[in-house]
Amino acid sequence: MEMTPHPHDLVQPRPGTALGAAPPGWVAVSLAACPWVVVRRAPHPPGLVPVGVRGISRGQRYAGFVPAAAVVRGVPPEELRGRRPRHSRLAATMSAVAALLDGEAVWGPTGSVGFELATGHPVTRPGSDLDLVIRAPRRMSPAFAKHLLDAFSALPSTVDCQLDTPCGGISLAEWAGIGGPLLTRTGGVVLARTSHGPKLVDDPWSPE
């Protein structure tokens, strides 16, 4: 049965699936150690899923594509919110985030924390950031976004949060600044990351 991967999902392609014409050598080594990739937002042909591969070093990141039919398993970030990172600072931060968001929004860890929790492959450090996605199919007020941003700023680990809106992915910090001093220079326009590339939008929840 063919799956429908979404941005930020961790997915496992069928062994031997090609990710591109000529990926660097470290890609095969990385996938042999941990055969998982993350779904990214990018223009893509029908039937292909844009994915990213993590390497051992921070600079090793490869953007490729896999056939949707070759995806055999997937884990969305929201399935990981009940798990806790192995490092105490990250675990305390994620527990505090859960206290703030559980019952208020559908959310989950992404980035290195999400990768480690989904795959069991250790990639985080004590000083790693906690990247989050909040599924936001309905409008979030800038005031609530600012409330979350203020709460996140007091946590042990740095929290970087993205809102997954109907228009694409937008930064929580950017949305929190609408109508206030953070975004006075842009007039309230925010950058949305879409499957067709980045786009400036006035309202991430507008059908336009």
Side-chain angles (χ1 to χ4, degrees), residues 1-95 97-98 106-135 155-162 164 169 193 195 197:
M1 178 179 178
E2 187 171 317
M3 303 176 65
T4 305
H6 300 284
H8 303 292
D9 287 0
L10 273 299
V11 298
Q12 196 171 40
R14 188 175 294 113
T17 300
L19 300 184
W26 64 261
V27 170
V29 176
S30 179
L31 291 176
C34 184
W36 289 82
V37 294
V38 62
V39 179
R40 57 191 178 88
R41 281 191 175 90
H44 57 280
L48 293 181
V49 179
V51 298
V53 183
R54 298 178 65 97
I56 296 175
S57 70
R58 190 177 183 88
Q60 289 181 328
R61 297 291 184 270
Y62 175 73
F65 299 88
V66 297
V71 175
V72 296
R73 186 181 175 193
V75 180
E78 48 266 44
E79 285 190 11
L80 304 172
R81 58 186 175 178
R83 306 179 192 180
R84 291 295 174 265
R86 60 196 176 97
H87 295 298
S88 58
R89 285 181 63 188
L90 287 168
T93 300
M94 196 159 153
S95 294
V97 168
V106 176
W107 67 280
T110 59
S112 60
V113 172
F115 188 88
E116 183 171 298
L117 292 177
T119 68
H121 192 68
V123 294
T124 62
R125 305 179 308 278
S128 293
D129 293 353
L130 176 59
D131 297 313
L132 302 176
V133 62
I134 296 177
R135 307 296 189 189
L155 300 182
S157 300
T158 299
V159 176
D160 186 2
C161 183
Q162 187 176 113
D164 186 18
R193 294 167 176 82
S195 59

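In this chain, residues are counted from 1 in sequence order. This one's a predicted model, so the numbers in the text were calculated from it and none came from an experiment.
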Between [X] and [Y], which heavy-atom pair has the shortest distance, and what is it?
{"X": "Leu80", "Y": "Met94", "value": "O-CE, 3.4 Å"}
{"X": "Ser95", "Y": "Arg84", "value": "OG-NE, 3.0 Å"}
{"X": "Leu90", "Y": "Pro85", "value": "CB-CB, 3.7 Å"}

According to side-chain hydrogen bond (donor to acceptor under 3.5 Å, both in side chains), who are the partners of Arg86, at least two apart in sequence or on a separate chain?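 Once residues adjacent in sequence are excluded, the partners of Arg86 under the side-chain hydrogen bond (donor to acceptor under 3.5 Å, both in side chains) criterion are Glu116.
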Which residues share a side-chain hydrogen bond (donor to acceptor under 3.5 Å, both in side chains) with Ser195, sequence neighbours left out: none
Cut-off 3.5 Å, no hydrogens considered: what does the side-chain donor-acceptor table look like for residues 34-51, sequence neighbours left out?
residue: Arg40; atom: NE; partner: Val51; partner atom: O; Å: 2.8
residue: Arg40; atom: NH2; partner: Gly64; partner atom: O; Å: 3.1
residue: Arg41; atom: NE; partner: Arg193; partner atom: O; Å: 3.2
residue: Arg41; atom: NH1; partner: Gln162; partner atom: OE1; Å: 3.3
residue: Arg41; atom: NH2; partner: Asp164; partner atom: OD1; Å: 2.4
residue: His44; atom: ND1; partner: Ala42; partner atom: O; Å: 2.8

If we ignore hydrogens and angles and just use 3.5 Å, is the side chain of Thr93 paired with the main-chain N or O of Ser157 as donor and acceptor?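 Judged by distance alone, yes, a pair lies under 3.5 Å.
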Verify, without hydrogens or angle tests, whether Ser128 (side chain) and Thr124 (backbone) share a donor-acceptor contact under 3.5 angstrom.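 No, the answer is negative, given that no donor and acceptor are paired below the 3.5 Å cut-off.
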Do [X] and [Y] touch side chain to side chain, with heavy atoms closer than 4.5 Å?
{"X": "Val53", "Y": "Leu31", "value": "yes"}
{"X": "Leu130", "Y": "Thr158", "value": "no"}
{"X": "Ile56", "Y": "Ser30", "value": "no"}
{"X": "Arg73", "Y": "Val71", "value": "no"}

Please table the atom pairs, donor to acceptor, closer than 3.5 Å between any side-chain atom in residues 11-23 and protein atoms at least two apart or in another chain.
residue: Arg14; atom: NH2; partner: Ala69; partner atom: O; Å: 3.2
residue: Thr17; atom: OG1; partner: Arg14; partner atom: O; Å: 2.6

Side chain to side chain contact (heavy atoms under 4.5 Å, CB included) between Val133 and Cys161: does it pass, once the steps are laid out? CA-CA 6 Å; Val133 62; Cys161 183; over 6 Å; no
First locate atom CZ of Arg81, then atom CG of Leu117, and finally report the distance between them rounded to the nearest 0.5 Å. 13.5 Å
With a cut-off of 3.5 Å and sequence neighbours excluded, list every side-chain donor-acceptor pair involving residues 107-114.
residue: Trp107; atom: NE1; partner: Asp102; partner atom: OD1; Å: 2.8
residue: Thr110; atom: OG1; partner: Asp131; partner atom: O; Å: 3.4

Leu132 vs Val159, side chain to side chain contact (heavy atoms under 4.5 Å, CB included): CA-CA, chis, key distance, verdict: CA-CA 7 Å; Leu132 302 176; Val159 176; 3.6 Å; yes
By side chain to side chain contact (heavy atoms under 4.5 Å, CB included) - contacts of Glu78 (at least two apart):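 Only Pro76, Val106, Arg135 meet the side chain to side chain contact (heavy atoms under 4.5 Å, CB included) criterion with Glu78.
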